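Below is one structure, written out as structure tokens; the observations come after it.
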Amino acid sequence: MSEIPKAYEPQSVEDKWYDFWLKRGCFTADPARVSDQRPAYSIVIPPPNVTGMLHMGHVLNNTIQDILARKARMDGKEVLWLPGTDHAGIATQVQVEKALKKEEKKTKHDLGREEFLKRVWAWKEEKGGIIINQLKKLGCSCDWTRERFTMDPDYVRCVQRVFVDLYKKGLIYRGKRMVNWCPATQTALSDEEVEMKPQKGFMYHFRVQVAEKDAATRKPALQNTPNTDDNLLLHMQQKVAPVPSEDAAEKGGPQVDSEGRVWLTIATTRPETIPADTAVAVNPRDPRYAHLIGKHVYRALPLDVPKEQRIIPIIADEHVDFEFGTGVLKVTPAHDKADFEIGQRHKLPIIDVLTPDAKMTAEAGADLVGLDRFVARKKAAEILEAAGTLDKAVPYENNVGFSQRADVPIEPRLSEQWFLKYPSVEQSKACVEQEGSAGLPVGSLGETTGSSRSGDRRSGKMHFHPQRWAKVYDHWLTNIQDWCISRQLWWGHRIPVWRKVGSGDGTDMKKWFGLIDEQTKTRGRQPDIWCVYKEAPGDPSKGFFEVAASCPDDAAWLEREGFIQDPDVLDTWFSSWLWPFATMGWPEQTETLKKFYPTTDLVTGPDIIFFWVARMIMAGYEYMGELPFKNVYFTGIIRDKQGRKMSKTLGNSPDPLELIAKYGADALRFGTMRSAPLGQDVLFDEKDVELGRNFCNKLWNACRFRQMQGGEVQGEINPSLLTSDDKWILLKLHEAIKEITEALNTYNFSTAVQALYRFFWSEYCDWYVEASKAVLVKQVTEGEKLNELNRLNQSGEAQTPATHLTHLTSHPFNDSAARRANTLAVTDFVLSHTLRLFHPFLPFITEELWHGMGYSTDMPDGQGGKTIMNAPWPKPFDLEFRDAYSLDECYLEFANQKYEVVTQGRNLRRVGNIQSGKK
RNA sequence: GGGCGCUUGGCGCAGUGGUAGCGCAGCAGCUUUACACGCUGUGGGUCGGGGGUUCGAAUCCCUCAGCGCCCACCA
């Protein structure tokens, strides 16, 4: 290493070392090596979308995981970092559909299901490796021999087994419900996939005429209140005021025109759904309208239907807020969740006026049919206006649910879907440590040695970092709703359910149930096939058989016998929620599972706490009987420097690979970590990466300086030859080790990075290296020394910074060869420790320097390794000088006086005279 | 409507009871023999407002304001 370049050139070494690690199997985990002396450490990667590209969020997330994994290896643990990718149902299917349209001007329907799926697989084969390679460029030390994909054949079996099991337990059921429908992708979505966004629109006030002639007569309020349980319950839940405020009572109310007709004014943002209204609702305790309850109105649209056929009732429902709008609500059971429930309560008919792609149906009338919902909205308002029943349209902003994936407003839509009643909810809720609750990982001894890191065994609790997310998690679990798990897509895990029409009382019954029994017996497996008979309403003898089966063999005979498989696929998260154990060989009790489950840490973003984290915990309990991980670290969301979310459309998302090419992977890692405080959002700035590069260069040159001093690696430090400089830097190193170790054990990554930076740059480079030049570089005569001292004393420059120490050399041993060797020994000691402290953060440069410096041989602390990956994590050390020099009295000696180095301000502060010993 | 977070020099952030810090940017210098991806020096902040606890508050408590995020069926 005699002619090392002046600047660090990451491009020339990164691939070399990554190959080196791979060839040596440094990342490979072996359950057989796990023992009491070598405990297991495991982490499963949040699987990125298989066809996705690496973005800054991945960089942050995976750098943290890599730091944890590398640190655990250096701690002597058997580490499994299990990688893989997710099939990402909607995202991938949409991508392929787009490409198909662009390149061949075809839709998926032109190809058919089978052919389309072939295309998606081809797409996956082509693009699937990209993100994996990007992770390798970043230096991720995943065990690539265990890479998994959520649609691997084994994984498919897991998903189906779980489905059948939950089906058997009655937790999975099929139901006709209001779901979130995405008109763009034409599939149902779960509640979590809907994002509320404020939308500008209009509040249309329109009038409807009351059909009854005696409507003008008022009756006292309250008497007509249907005293149903539902209403009472609603009343209690919503804490509705018993009577409207005077303000509300004054306003609005029915209007009587000159001809004696009575009109109600209704406020709505969606006039296009008027043809689907099947009632008008008022609050039962609203005196303005009480006398009208039970009467009827003529629905305003469609106009081409005779008035008499548009009669709908005026009903009373507690859901109506009399303070809002006019206090009259149009009830559209087919197109609004709340209205649907009102409809159920009052047994209202349902009229659907929207097609799956959100265009108006014939039911909406000749004027609207075929129009897109937003076009129809305007048109409906125009029709009302022309008819003279539109009072006003006032600009209005309200929250509208958007499909997260397709970014279009969702439609509440009645459809038949599969739902899951979540399993193991109570256990999952109880296992996460809440803030302020008992059993915090601080022992009575006041020790914090890694206790939060390893999880608190006594309470069997899981820890969230930062802990405040536990509250969010708890709140969601408390108000948990059944999960809509079916998707009307083609790419994904097809629902393993087959159906066949049959009779429930005769031969069919015997035949199918018998056959299934036989299948179960002959194959001697757990009942992973389950059959139910569902009666047709009103006729128990007519219905259908529904079989849930997870074995591929079953699919074959079921289809031979004329059973038809459900066309839908499962929500992507229905496969990812099994990730921690499905990737380890479940349901087989593999060695991997035995040794590495539950995993130690999970690193992910808080945006998928419901999608993924909570569900994994529930699946973990249900199928492993244990929590899937002991700690969850939530990263911040990466934003640009203006605080905006990174997005493709804004074009503010830098390509990590370009940054790596420009600055090096270590620089990117370091810059990202340095700007990512605990659980706070991260404002990304390329300057941070530049800083990372500068830091690597500094490290490079510090080692280069040591190289230029020549000589072999110095193994032994002679305590009796230590100068105050030596003692000072050794103590600072000792402190830094403690601080960094503690910070990493408590997931305070930014604290660790800060400490590394401060120790290495401000303390080691700025002070120790400069001071050591006095011994290593400069040979100064006594006369020169005196002259310099006099000059300094006269000029008042006593508070002189580091570099000038070079000229002074007040050390007593500066001309001694032994002293010089000892300084080199201290330098080697500090550098070899520093490289190891840096390795989790900067894997490439530290490996390069570890070899270049010759530290691959045994180090003074008696431990080493051929790769820095196997070198032990530095421990606070104990040298003789510590008895003589406590931290309090460790100063730099300079010009016969003692100086305390205030490293953060880089100032010298004179604290005493050496000879007098006074402070 | 509920919950959470943030507010410290021009910008981005550390700092949880005891004399305001880091990085970037600025300014003035430096061909000092590891590093200009560097070195030295330097300017710049009444720590969002108000009140309280305390010998002492950026730090604890209360309150107000602004910004952001999450959850929630007000048409």
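Here the structure is a predicted model, which means the values were calculated and not measured. Chain letters run A, B, ... following the sequence lines, proteins first and then strands; every chain starts at 1.
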Ignoring hydrogens and angles, does a donor from either the side chain of A:H475 or the base of B:C70 sit under 3.5 Å from an acceptor on the other? no
The nucleotide from B:C37, B:C39, B:C74 with an atom nearest the side chain of A:N694 is B:C37
Can a side chain N or O of A:K471 be found less than 4.0 Å away from OP1 or OP2 on B:C4? yes
Using atom P of each nucleotide, how far apart are B:G49 and B:C11 to the nearest Å? 15 Å
Specify the residue among A:G327 and A:F695 whose closest nucleotide of RNA chain B lies further upstream toward the 5′ end. A:F695
Measuring from the side chain of A:D766 (C-beta onward, heavy atoms only), which nucleotide among B:C39, B:C22, B:C24 has the closest atom? B:C39
Between B:G26 (C1') and A:K687 (NZ): distance, integer Å: 13 Å
Within a reach of under 6.0 Å around CD of A:Q481, are more than 12 heavy atoms found that belong to other residues, nucleotides or ligands? no
Check ring-ring contact (aromatic ring centres under 6.0 Å, His included) between A:F340 and all other residues, then give those that pass, not counting sequence neighbours. none
Phosphate OP1/OP2 of B:G38: any A:W700 side-chain N/O under 4.0 Å: no
What's the gap between B:C70 and B:C64 when it is taken at their C1' atoms, as a whole Å value? 24 Å
Nucleotide nearest A:F324 (side chain, heavy atoms from C-beta), chosen from B:G23, B:A34, B:C74: B:C74
What does A:L329 touch in the nucleic acid at a heavy-atom separation under 4.0 angstrom: a base, only the sugar-phosphate, or nothing? base
Measuring only the P atom in each nucleotide, how far is B:A25 from B:C39? A whole number of Å is fine. 13 Å
Flag if over 12 foreign heavy atoms under 6.0 Å of NZ, A:K392: no
Between A:T751 and A:Y396, who's closer to the 5' end of RNA chain B by nearest nucleotide? A:T751
Quick one: the side chain of A:K698 and the base of B:C35, do they pair up donor-acceptor inside 3.5 Å? yes
Using a 3.5 Å limit on both distances, find every run of at least three consecutive Watson-Crick or G-U pairs that involves RNA chain B. B:1-7 with B:65-71, B:10-13 with B:21-24, B:26-30 with B:38-42, B:48-52 with B:60-64
Within the structure provided, determine whether A:P275 and A:I351 are in side-chain contact (heavy-atom separation under 4.5 Å). no
Rounded to whole angstrom, note down the C1' distance from B:A58 over to B:C47. 4 Å
Take atom C1' in B:C55 and the same atom in B:U19, then report the distance between them in whole Å. 15 Å
When the aromatic ring centroids of A:F464 and A:W469 are compared, is their separation below 6.0 Å? no
Say we look at B:U40 and B:C24: how far apart would their P atoms be, to the nearest angstrom? 12 Å
Distance check needed: B:C71 C1' versus A:L477 CG, whole Å only. 14 Å
Give a yes or no answer on whether the side chain of A:R177 reaches the backbone of A:C484 with a donor-acceptor pair at less than 3.5 Å. no
Heavy atoms under 4.0 Å, any strand shown: does A:Y8 hit a base, just sugar-phosphate, or nothing? nothing
With sugar-phosphate meaning primed atoms plus P, OP1 and OP2, does A:N399 contact a base, only sugar-phosphate, or nothing at under 4.0 Å between heavy atoms? base
Whole-Å C1' distance, B:U46 and B:C27: 25 Å
I need the CH2-P distance between A:W469 and B:C69, as an integer number of Å. 12 Å
Could you work out the separation of B:G10 and B:G52 based on their P atoms and round it to a whole Å? 29 Å
May I ask you to check whether A:F695 and A:F760 place their ring centres under 6.0 Å from each other? yes
Minimum-distance nucleotide to A:F610 side chain [options: B:C71, B:C35, B:A75]: B:C71
At under 4.0 Å, does any side-chain N or O of A:K330 touch on OP1 or OP2 of B:A75? no
May I have the distance from A:D321 (atom CG) to B:C73 (atom C1'), rounded to whole angstrom? 12 Å
With a 4.5 Å heavy-atom cut-off, do A:L384 and A:I274 have their side chains touching? yes
Closest non-hydrogen atom pair between A:W850 and A:S832, with its separation: CZ3-O, 3.6 Å
